[in-house]
Every structure is written in C-alpha cells, then in structure tokens.
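Numbered from 1 within each chain, the chains take letters A, B, ... in sequence-line order.
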Number of protein chains: 2
Amino acid sequence: MSDGTLAVPGRPTLEEVARVAGVSRATVSRVINGSPRVSPEVLSVVEKAIAQLNYVPNRAARSLVARATMSIALVVPEDAHRFFGDPYFADVVQGISDRIDDSDYVLNLQLTHPSSPSEKTRRYLLGGNVDGAIVVSHHSGDHFLASLGQSLPVVFGGRPFGEVSSKTDYYVDVDNRLGAVQATEHLITHGRRAIATITGPTDMPAAIDREQGWRDAVRAAGLSEERLVHGDFTEAGGVRSALTLLDEHPDVDAIFVASDLMASGVMLALEERGLRVPQDVAIVGFDNSRYATRGPIGLTTIAQPSQQMGVVMADTLLRLLSGEHPERVNLLETHLVIRDSA
Amino acid sequence: MSDGTLAVPGRPTLEEVARVAGVSRATVSRVINGSPRVSPEVLSVVEKAIAQLNYVPNRAARSLVARATMSIALVVPEDAHRFFGDPYFADVVQGISDRIDDSDYVLNLQLTHPSSPSEKTRRYLLGGNVDGAIVVSHHSGDHFLASLGQSLPVVFGGRPFGEVSSKTDYYVDVDNRLGAVQATEHLITHGRRAIATITGPTDMPAAIDREQGWRDAVRAAGLSEERLVHGDFTEAGGVRSALTLLDEHPDVDAIFVASDLMASGVMLALEERGLRVPQDVAIVGFDNSRYATRGPIGLTTIAQPSQQMGVVMADTLLRLLSGEHPERVNLLETHLVIRDSA
DNA sequence: CTGAAAGCGCTAACAC
DNA sequence: GTGTTAGCGCTTTCAG
C-alpha cells in the first residue's frame with residue numbers, strides 16, 4: 001500500500017461478467033440495458049454472474065460512448081452560509097430534487113464562489129461531466145455562468161443578467177417587480193406614506209426588479225423614493241440595514257423588505273429601537289418562507305411558489321435534454337399573504 | 001431540431017486541437033497535462049489552438065484511462081428541509097468545501113432519501129463517478145451506506161452504525177457522550193434536580209450517545225432518568241417534544257436538549273407555557289450554532305467545532321485517496337459555552 | 001522532444 | 001438470439 005494504490009478491490013468489468021456467464025460482452029451489455037433480445041436462460045445466467053461479482057457498470061465508459069452522463073448539475077454561486085441560511089434555497093432544491101428523482105438523471109450540487117466559479121468548476125461543467133445545468137442565484141459579473149448556455153443546456157432560477165434575447169436563455173422566475181408593487185400598494189392602501197425599502201444585493205436581478213417595483217408604486221402614489229437602503233439577503237444584513245435606515249430616515253412608517261429573512265432581521269432591529277410593528281412601522285416581506293411565521297409577529301409578505309419553481313426548473317431542463325422545446329421563460333404567480341406586520 | 005438532438009455545438013476533441021496545431025494527439029495531451037517534455041514553440045502553438053477552439057478535455061475519456069475521476073461525493077441522507085434547516089450542516093459543508101477547494105478534486109453533493117439511497121444513487125456512487133465519498137448524518141437501517149466503505153474510500157461524519165472494528169470505517173466525530181455529560185453536570189452543579197432530556201432521532205448514533213451521556217451524569221448524581229422525550233433534531237420537533245415533556249413531567253427544572261435547533265423550539269414552547277428561562281427551567285443545548293445566540297435569551301450549549309469537523313473529514317478522505325493512512329477515528333473536542341439559559 | 005500504437009470499459013451496428 | 005467488430009476521447013509506453 002505504500003505504492004500509492006488504494007485498498008479497494010478492483011471493480012469487476014463487463015468482460016469479467018461475460019467470462020463468468022460464458023457469453024459475449026454484447027450479451028451482457030444487452031442484459032444490463034434491458035434489451036428484449038435476450039433468451040430467458042441466458043438472461044438468468046448473466047444476472048447471476050452480475051450478482052455474484054457485484055458488478056456495477058462503469059459510467060465513464062458508458063458515457064464516453066453514449067455521449068450522455070445522465071447527470072445534471074445544480075450550480076449555486078453562494079457560500080455555504082448564505083445558501084443554507086435562506087429557506088428559499090431549501091424550497092427550490094427540494095422542488096428540483098423531487099422532479100429529478102422521477103427521472104433517470106442524478107442531481108449533483110456544485111457550490112461555487114459567489115464572485116466567479118473556479119477553473120475547476122468550469123472544467124467540470126464543460127468537461128462533459130453533466131448533460132445540463134440549473135443555475136440559481138446568478139450574480140452579475142459572472143460572465144462564465146452567463147454564457148454557459150452556449151455550451152450546455154442550462155436553465156436559470158431567476159432571470160439571468162444580460163440580454164434576455166439570447167437564444168440559449170431559459171429561466172423560471174416570478175414577476176419580482178409586480179410582487180414588489182403588490183407589497184408596496186398594500187402599504188399605501190393602509191395609509192402609510194413614508195414608505196422605505198431594504199433591497200437585496202444590487203448585482204442580482206431579483207433584487208433590482210423588486211426595488212424597481214417599489215419605486216414604481218411609490219412614485220405612482222406621489223410618494224418619495226428616497227428612503228432606500230441596500231441589503232444583502234441575510235438576516236444580519238437586515239438588522240444592519242434597518243438600523244441605517246432608521247438613522248437616515250427616522251420618520252419611516254413602513255418598509256418593504258426584499259426578503260423574509262432580511263425582514264426577520266429588520267423586526268429585531270425595530271424591537272431594539274423600541275418601535276412597534278405594525279403600529280409604528282409596518283413591514284412587508286418577500287418569499288413567504290418559514291421566517292414569516294417564526295417570530296411573535298406574523299410577517300405580511302409576498303408569497304412566491306419556491307418549491308414549485310424548483311420543479312419547473314428541473315422539468316424545463318429535462319425537456320430540453322429530451323429534445324423538446326419548453327418555454328424559454330416561465331413566470332409563476334406571486335400573491336400577498338396578510339398577517340400581522342402590515 | 002425535431003430529431004431529438006440538442007442545440008449544443010459539438011465539443012472539440014483533442015484530435016481536432018492536434019490537427020489545428022499540426023501536431024500529434026500525444027503532444028496535445030502532454031501540453032494539457034503540463035508535461036515538461038514539450039518545446040516552447042510547440043507549446044505555444046498548441047495553447048493557441050486550445051484557446052481558439054475553446055477546448056476542454058472530456059473527463060469521461062480521461063477518467064476511463066486514468067481510473068480516477070478527481071471528484072468526491074458528499075452524501076447526505078436527509079430531505080432538503082432538514083438539511084437546510086440545521087446550521088450544523090452548513091458549517092460542516094463549508095468546512096468540507098474549503099478543504100476540497102484547496103485540492104484538485106471537485107465536490108459533488110448528493111441528497112438522498114433518509115431511509116435508504118435510491119438505486120440511482122447506488123449506481124452513481126459505485127459506478128466510478130467519484131473516487132471517494134463523505135457521508136454525513138448516517139441513519140441506522142441504511143445498510144448500503146454502512147457497507148459503502150468496502151467498495152469505495154469513505155469517511156463518515158459522525159460514527160457510523162454497526163461494528164466500528166470494520167477495517168474500512170473512517171470517521172470524524174466529537175465525543176457526544178462526554179458532551180452530554182458536560183451539559184448535564186453543569187445543570188447539576190447549579191442545583192437542578194429534575195433534569196430532563198430531549199433526544200435526537202433514535203436511529204442516529206450521535207443522538208444515542210448524547211442520551212447516554214445524560215443518563216450517565218444523571219445516574220451518577222443519584223437523580224431520576226425518567227424525564228426523557230425523543231425528538232427529531234428539528235425546531236418544530238423541539239416545540240412538540242417540550243410540550244409533551246411538560247405534560248408528562250410538570251416538575252422539570254432543567255432540560256438538556258440534544259441540539260440547539262431543537263432548543264430554540266423548546267424555548268418557544270416554554271414561553272407559551274409561561275415558564276421563564278432559566279428561572280423556572282434551565283436549558284442547555286448542543287452545537288453552539290447560530291440558533292444559540294439568535295433569540296432574546298442566549299443559549300448555554302455544548303460547542304462542537306462543526307466547520308473544523310468538515311475540514312478534517314475532507315482531509316482524511318483526501319489523504320486516503322493519495323494512498324496515505326490517516327487516523328481511522330478523529331475525535332474533536334467539545335466544550336461548554338455558558339450564556340443565559342443555564 | 002515528438003509521433004505511432006495500444007487500450008481504458010462500454011455500446012452499437014452488423015453479421016450469423 | 002448471440003457474437004464480432006469498431007470505435008467513443010483520452011493517456012501512455014515505446015520508438016525514433
């Protein structure tokens with residue numbers, strides 16, 4: 001073992017199975033792939049040999065000739081803490097996972113750096129390890145992922161950056177702008193006038209669109225657009241942003257917060273400042289994740305069907321891979337869920 | 001496109017690069033693999049051709065001959081919600097991910113069903129898609145994962161079920177029993193006498209060991225072992241278990257809860273029942289995750305170095321893969337972190 | 001320093 | 001039905 005080899009018994013090959021079963025390799029291959037052109041006797045002999053040797057086909061060899069790996073990548077350009085911290089991802093992954101489980105493909109999650117995927121990831125994705133990819137949480141500046149669709153069937157979770165016209169862009173999303181409008185109008189309807197927003201990261205389309213929705217609604221009502229603080233879609237960031245907001249605009253009477261997770265932080269900050277929700281400051285979040293019902297005050301929020309979005313992403317990719325022509329863009333519905341905070 | 005093929009341009013092959021560069025395939029291969037036996041002129045010509053064609057080596061072909069895929073699997077037998085819900089996993093994954101990033105391997109997360117991995121996962125793991133695997137959150141009854149080490153280099157996060165004597169078992173863990181003893185003794189030292197525990201799932205070694213630690217400490221102090229409720233390592237489960245516990249044993253004055261996430265639920269339940277922490281009921285958790293500092297009452301808890309555990313898991317596997325003989329068992333230290341709850 | 005040739009484990013015509 | 005024969009794209013002796 002000091003020669004660097006491993007203590008793993010050599011995997012049996014198809015050839016060995018053939019030898020044990022006393023047939024040709026082609027026949028074994030037929031058995032493995034469930035071909036009907038095999039006689040019952042031979043079938044059973046081969047199956048016995050397979051079981052006896054504990055044989056599992058080598059996928060590298062198979063995919064080399066089949067030109068397909070039967071696996072798809074889920075690319076997440078976030079560090080583990082943000083990825084795990086936000087229930088939105090859990091829902092999306094569960095949805096994708098559910099849909100993939102019903103197929104012949106295996107899902108293969110690739111965590112990469114937020115800034116830009118490493119060379120390793122690049123080679124992995126482009127090196128024929130996967131037949132397609134789903135990219136969630138795309139940031140601007142990530143040129144590689146943005147153009148990945150040119151080399152591989154790709155579906156984005158959320159509208160990707162850049163020209164949507166691109167022939168290779170498939171994505172599923174909600175109308176983030178509209179959702180933000182729904183949230184803000186609810187606030188306006190209930191008499192709020194000094195309406196602020198805490199946005200997501202400015203390099204993410206979803207965050208930009210939600211900010212735009214808030215601007216549109218606020219402007220349409222003749223209100224000020226100046227109460228704005230940029231956040232980062234984390235709970236701790238929500239606390240910080242709220243504190244900044246309160247310092248700069250002590251008069252706010254409502255906040256549209258671009259994610260529930262951040263809203264949860266905002267509530268903490270408000271409590272710390274002795275402000276009551278919704279009496280002093282009304283809050284509307286976005287996601288309808290479990291954070292919306294976790295604290296003492298139920299969070300009014302914009303619901304998006306995260307898990308269903310995951311299902312649709314996977315479904316779109318699967319259909320692409322089977323040569324179908326799915327919708328390029330799939331926009332699911334948001335709706336307002338009213339609880340206590342606004 | 002109605003013939004079922006995809007709109008993806010054929011990947012250039014090494015042979016095409018060779019043709020464009022006017023050299024042999026062997027030479028191109030040498031360039032790709034950084035062989036020193038290539039003249040500078042040829043090197044630059046080949047590199048130019050590679051860049052021009054945007055060539056990326058086909059990994060299936062490469063691993064077929066190299067008998068190595070340079071990728072390792074992280075197997076998580078949990079559904080997405082439990083996996084994402086518990087910060088412990090985030091830490092472990094971050095640690096693994098950090099260590100793998102420094103290597104030539106890529107990490108490849110496989111979510112599987114908690115009960116038993118699907119046939120697909122089995123074939124994936126055994127089919128030569130990965131060179132090794134890290135298994136976290138192992139449950140009893142999962143015979144396949146328990147014996148995976150016989151076919152593939154495997155490192156477990158947490159002591160796996162079954163005979164530890166097995167020559168193929170590598171794992172990194174903390175001394176869960178000892179951690180539980182530390183927690184319980186802290187409670188005893190502070191005068192608590194009706195000390196309960198809320199355990200994790202009974203099919204997980206970590207949960208069993210923590211329960212045993214509580215039993216040992218409680219028994220050693222001559223106290224009763226009857227205040228015990230089984231939980232499931234989720235926050236909602238913590239609420240339920242606490243409620244059950246309070247109904248069955250209204251006299252409890254302290255609870256050792258087997259995870260911070262559950263402890264967070266327990267606090268919620270206690271508040272609902274009008275019980276004060278720590279005055280009426282003292283709480284000690286386990287993990288020292290972000291849930292320990294999230295609520296209004298700081299949670300006293302047993303810290304385990306989750307992220308570091310991930311690093312060590314990855315490191316152990318990497319060393320196994322390089323033919324070294326790392327420690328079979330790696331036990332990291334726990335320690336008590338005192339906050340407000342006990 | 002470079003090329004020719006063999007072969008990794010598997011599938012897919014094509015014969016028989 | 002079953003076997004024979006070519007490769008899939010790459011690395012790697014072995015010659016030169």
Side-chain angles (χ1 to χ4, degrees), chain A residues 5 8-47 49-50 53-70 104 123-124 126-131, chain B residues 5 8-47 49-50 53-71 104 123-124 126-129 131:
Chain A
T5 57
V8 178
R11 242 177 269 299
T13 69
L14 182 147
E15 172 143 32
E16 286 165 34
V17 175
R19 195 155 39 215
V20 169
V23 299
S24 75
R25 298 183 305 168
T27 300
V28 176
S29 180
R30 288 189 187 100
V31 170
I32 291 166
N33 296 295
S35 159
R37 307 167 168 287
V38 180
S39 71
E41 308 86 63
V42 174
L43 179 74
S44 103
V45 173
V46 173
E47 281 175 338
I50 290 178
L53 295 175
N54 209 343
Y55 168 75
V56 178
N58 179 319
R59 301 240 307 186
R62 189 201 289 245
S63 60
L64 187 56
V65 34
R67 282 127 183 293
T69 63
M70 299 312 280
D104 290 331
R123 298 180 91 85
Y124 186 84
L126 261 28
N129 280 308
V130 295
D131 296 339
Chain B
T5 56
V8 178
R11 242 177 271 300
T13 68
L14 181 148
E15 172 143 32
E16 287 166 34
V17 175
R19 196 156 37 216
V20 169
V23 299
S24 75
R25 299 185 303 169
T27 299
V28 177
S29 180
R30 288 189 188 99
V31 171
I32 291 166
N33 297 294
S35 160
R37 308 169 167 285
V38 181
S39 71
E41 307 85 65
V42 174
L43 179 75
S44 103
V45 173
V46 173
E47 280 175 338
I50 289 177
L53 295 176
N54 209 343
Y55 168 75
V56 178
N58 179 318
R59 300 243 302 185
R62 189 201 289 247
S63 60
L64 187 56
V65 33
R67 283 125 182 294
T69 63
M70 298 313 281
S71 71
D104 290 332
R123 297 181 91 84
Y124 186 84
L126 262 27
N129 279 309
D131 296 339

Can you see if the side chain of B/T13 gets near the phosphate of D/dG9 - specifically, an N or O under 4.0 Å from OP1 or OP2?
no

By nearest nucleotide on DNA chain C, pick out whichever of B/A26 and B/A61 is the more 5' one.
B/A26

Please tell me if B/R59 has a side-chain N or O lying less than 4.0 Å from either OP1 or OP2 of D/dG9.
no

If you compare every side-chain N and O of B/N33 against the phosphate oxygens of D/dT11 (OP1, OP2), does one of them come in below 4.0 Å?
yes

Report which part of the nucleic acid B/S29 touches: base, sugar-phosphate, or nothing (heavy-atom distance under 4.0 Å, all strands).
base

If I take atom CZ in residue B/R37 and atom P in nucleotide D/dT12, what distance separates them, rounded to the nearest angstrom?
13 Å

Nucleotide C/dG7, atom P - distance to CD of A/E15 in whole Å:
12 Å

Of the nucleotides D/dT4, D/dC10, C/dT11, which one has an atom closest to the side chain of B/Y55?
D/dC10

Please determine, for the side chain of B/V38, which listed nucleotide (C/dT2, C/dT11, D/dC10) has the closest atom?
C/dT2

Could you please name the option among C/dC10, D/dT11, C/dG3 that lies closest to any side-chain atom of B/L14?
D/dT11

Between B/V56 and B/R11, is the side-chain contact (heavy atoms from CB on, under 4.5 Å) condition met? List the steps.
CA-CA 8 Å; B/V56 178; B/R11 242 177 271 300; 5.8 Å; no

Could you state the CG-P distance from B/L64 to D/dC8, rounded to the nearest angstrom?
13 Å

Expressed in angstrom and rounded to an integer, what is the separation of B/L126 atom CG from C/dG9 atom P?
16 Å

Any N or O donor-acceptor pair linking the side chain of B/R30 to the base of C/dG3 at under 3.5 Å?
yes

Check: A/L43 and A/E47 side chains under 4.5 Å, non-hydrogen atoms:
yes

Supply the atom-to-atom distance B/S24 OG to B/E15 CD, rounded to the nearest 0.5 angstrom.
10.5 Å

Which nucleotide wins on minimum distance to the side chain of B/V65, given the candidates D/dT11, C/dT2, D/dC8?
D/dT11

B/R25 has an atom CZ; how far is it from atom C1' of C/dG7, in whole Å?
11 Å

Dump the intermediate steps for side-chain contact (heavy atoms from CB on, under 4.5 Å) on B/T27 and B/R37, then the final yes or no.
CA-CA 9 Å; B/T27 299; B/R37 308 169 167 285; over 6 Å; no

Touch class at under 4.0 angstrom, heavy-atom based, for A/A66 against every strand present:
nothing

Taken to the nearest whole Å, CD1/A/I50 to C1'/C/dC10 is 13 Å

Value in whole Å for how far the C1' atom of C/dA12 lies from CD1 of A/I32:
14 Å

Side-chain N or O of B/R62 versus OP1/OP2 of D/dT11: is the shortest distance under 4.0 Å?
yes

Validation row: B/R123, A/P57 side chains within 4.5 angstrom (heavy atoms):
yes

Quick check: on DNA chain D, is the nucleotide nearest B/A60 upstream (toward 5') of the one nearest A/L43, or the reverse? Name the residue that is more 5'.
A/L43

With respect to the phosphate group of C/dT2, does any side-chain polar atom (N or O) of B/T27 fall under 4.0 Å of OP1 or OP2?
no

Please check the phosphate of D/dT2 (OP1 and OP2 only) for any side-chain N or O of A/S39 closer than 4.0 Å.
yes

Side-chain contact, heavy-atom cut-off 4.5 Å: A/V23 with A/V45?
no

Whole angstrom is fine here: how far is it from CD in B/E16 over to P in D/dG9?
8 Å

